[in-house]
Number of protein chains: 2
Amino acid sequence: MTLDEAWRILQGRQFKRTKNRETILEFFSENDRYLTAMEVRNFMIEDNPGISFDTIYRNLTTFSELGILEETELNGERHFRMQCDHGVHHHHFICTACGKTRNIPHCPMESVSVNLQGYEVEGHKFEIYGKCPVCVEQ
Amino acid sequence: MTLDEAWRILQGRQFKRTKNRETILEFFSENDRYLTAMEVRNFMIEDNPGISFDTIYRNLTTFSELGILEETELNGERHFRMQCDHGVHHHHFICTACGKTRNIPHCPMESVSVNLQGYEVEGHKFEIYGKCPVCVEQ
DNA sequence: ACTAGTAATCGTAATCGTTCCTGTTTACCC
DNA sequence: GGGTAAACAGGAACGATTACGATTACTAGT
């Protein structure tokens, strides 16, 4: 997702264009990996030393709900990254050291043979964890 | 996993047979679903009003490491359940209302076509979330 | 451009799940 | 039964996240 696409979504829903939102989106568009609220804060604090976690979490949640960011949970912490390939369903290999991901186009839901009649499926998660080639060397 | 199997594992590693451990294992063997530390506490508190969270978490973590319980994270909280079909790799449909699960024998790792050469795979997670037939009716 | 109205923010305190700490109790081996 | 290390209770501390009242800053309408 590009910055322009993100702003188009936000302005289509009457969200205002603020400096904080610009900084957050800039950070994600320049860092193509899963990031924590703390990492976002450490970046923002240079421009805005008084930045509040309330602001960060509120915006991250908003962006996630609007499909601008995607979200996952790694060792008890929320992680966010810019939505990639918007619209096309996929999964990720996630590096547990740096947060970088690699797309996995195959979705296991297509080949699940279990009969889930009577069940109401709300979602699914398929992630592979490990170290990317760069972090293997460290 | 039966209570006998669990105790055989524990005693093989010189873990002591305490009242608290008996209560925890009894609770899991009678409740075939994912449970939180709080639910465990609410059950234990009847026998032992002074039960400490430290004791609960310490034992849940131990049991999980020994393969007696299996663990997953649902909306930011650790959930535990008795290890089912010990040894046989499988995945779960998980009811987000009651924590009950249904086994999914198919493992997506077998059909992942992405080349992960140079990567170090540490683990994976495949879970389907939704409502079980009982909770759909509520 | 000016102003009103409302969304967004700041700063701080509170919450929640989980872990740490210290002194005491308990299970197990002899 | 006595010694010893494991297990425990109670409470304090922790890190991530959320809630809150007061203030600031966008944006639309004049």
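Hydrogens, waters and symmetry mates are skipped; everything else that's a heavy atom, side chains included, is used. The chains referred to below are lettered A, B, ... by the order of the sequence lines, with proteins before strands, and numbering in each begins at 1. Source: prediction; values computed, not measured.
Side-chain proximity of A/Lys16 to D/dA7, C/dT6, D/dA9: nearest is C/dT6. Distances from the side chain of A/Tyr57 to the nucleotides C/dT18, D/dA16, C/dG11 place D/dA16 closest.
Nucleic acid contact class of A/Arg78 (heavy atoms, under 4.0 Å, all strands): sugar-phosphate only. Using a 4.0 Å heavy-atom criterion, one finds that A/Arg17 contacts the sugar-phosphate atoms exclusively.
Each of B/Lys19 and B/Glu77 was matched to the nucleotide of DNA chain C holding its nearest heavy atom; the match closer to the 5' end belongs to B/Glu77.
Residue B/Arg21 places at least one side-chain N or O closer than 4.0 Å to OP1 or OP2 of D/dA7. Between A/Thr18 and C/dT9 there is a side-chain polar atom (N or O) within less than 4.0 angstrom of OP1 or OP2. At least one side-chain nitrogen or oxygen of A/Asn20 sits closer than 4.0 Å to the OP1 or OP2 atom of C/dC10. Checking the phosphate oxygens (OP1, OP2) of D/dC8, no side-chain nitrogen or oxygen of B/Asn48 falls inside 4.0 Å.
From B/Phe126, atom CZ reaches atom SG of B/Cys107 across 9.0 Å, with rounding to the nearest 0.5 Å.
In summary, A/Arg41 and A/Glu46 do not engage in a salt bridge, as defined by a charged side-chain N under 4.0 Å from a carboxylate O.
B/Glu73 contributes a side-chain N or O that, together with a main-chain N or O of A/Gly76, makes up a donor-acceptor pair within less than 3.5 Å. Looking only at distances, no side-chain donor or acceptor of A/Glu120 sits under 3.5 Å from a matching main-chain atom of B/Gly130.
For D/dC8, the base has no donor-acceptor partner in the side chain of B/Asp54 [N/O atoms by modelled type, under 3.5 angstrom].
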